[in-house]
Amino acid sequence: MITDTHAHLNDEMFDDDLKDVINRAKVQGVSRIIVIGMDNETSKKAIEIASAHEGLYATAGIHPGYVDDDQDMGGIKDLIKTHQVVGVGETGLDLHWRKDNLDLQKEVFLAQIKLSIEFDLPLVIHTRSSFEEAYQMLLPFKGKVKGVFHCFSSTLEDAKRAVNLGFYIGIDGPVTYKKSDVIRSIVEDIPMDRLLVETDSPYLAPQAYRGKRNEPSYLVDVIDVIAKIKGMTTEAIARITTQNADTLFRLGGKDR
Ligand code: NI
């Protein structure tokens, strides 16, 4: 069994053929998928999709690219309480797209760090050119916060710091790209019990599908590359990353 820990199946690009996408994933063994919210509306839709399909879960949160001056954090808090929600996010900081609203991004990220502690749910963190800033915000909560740095895009050194903070590292399609030596060095060095696999569908399709819409069934390409780097079987990588997803997101736990 393979677990895709990060897919935006709530994106309108999946509106027409969601059932087929989920079925193709299941054929490839990707039988559990976490559907990721990016604002109030997409978090709601993630919950709806998760309620309608077995093996699908949701997160609720505000992506740094969607922060807003009159953010409805109360609405997010209500969504977090729903049964299908297994994590808070996608949240974090993004200094690639926008640098001018960093204070607001930090405020909304901090509110979600606090919600994750209050509800004992992992954070799904997005950083882009902002690992250091996000790390410094999480550091005071060391021991209380947990989660994943999704689609990790910083250095090996930073990946080690994230792991020391108690976080997991999310590996996606870019590990299959020619230029991604840094990501492959992270896969090589970071212990297997700290890695998660994810697609970030519909974005970041693996090399064989590059430029096309990504979907959870393509996750097998990511697993193949990790297996080669680690010198393990694809079955072992699937099993261990699924166990890691279970541990972090408590999928199928008693309270679900
Ligand atoms: Ni995402």
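Bear in mind the structure is a predicted one, so any value in this text is a computation, not a measurement. Read the numbers this way: they start at 1 and go in the same order the structure lists the ligands and their atoms. Excluded from the calculations below are hydrogen atoms, water molecules and symmetry mates; all remaining heavy atoms, backbone and side chain alike, are included.
- The Ni ion (ligand 1) has no N, O or S atom of His126 closer than 2.8 Å.
- A continuous path of ILVMFWY side-chain contacts below 4.5 Å connects Leu248 to Ile36, so both sit in one hydrophobic cluster.
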Could you give me the CA-CA distance, side-chain angles and deciding distance for Thr82 and Gln84, then say whether side chain to side chain donor-acceptor pair (under 3.5 Å) is met?
CA-CA 6 Å; Thr82 34; Gln84 287 79 13; 4.8 Å; no
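- Here His63 fails the criterion, with no N, O or S atom under 2.8 Å of the Ni ion (ligand 1).
- Closest N/O/S atom of Glu90 to the Ni ion (ligand 1): OE1.
- Annotation: the span from Asn244 atom CG to Phe249 atom CZ amounts to 10.5 Å, rounded to 0.5 Å.
- The cationic group of Arg161 lies under 6.0 Å from the six-membered ring centre of Tyr135 and within 45° of the ring axis, placing it in a cation-pi geometry.
- Between the Ni ion (ligand 1) and the N, O or S atoms of Asp200, the shortest distance is to OD1.
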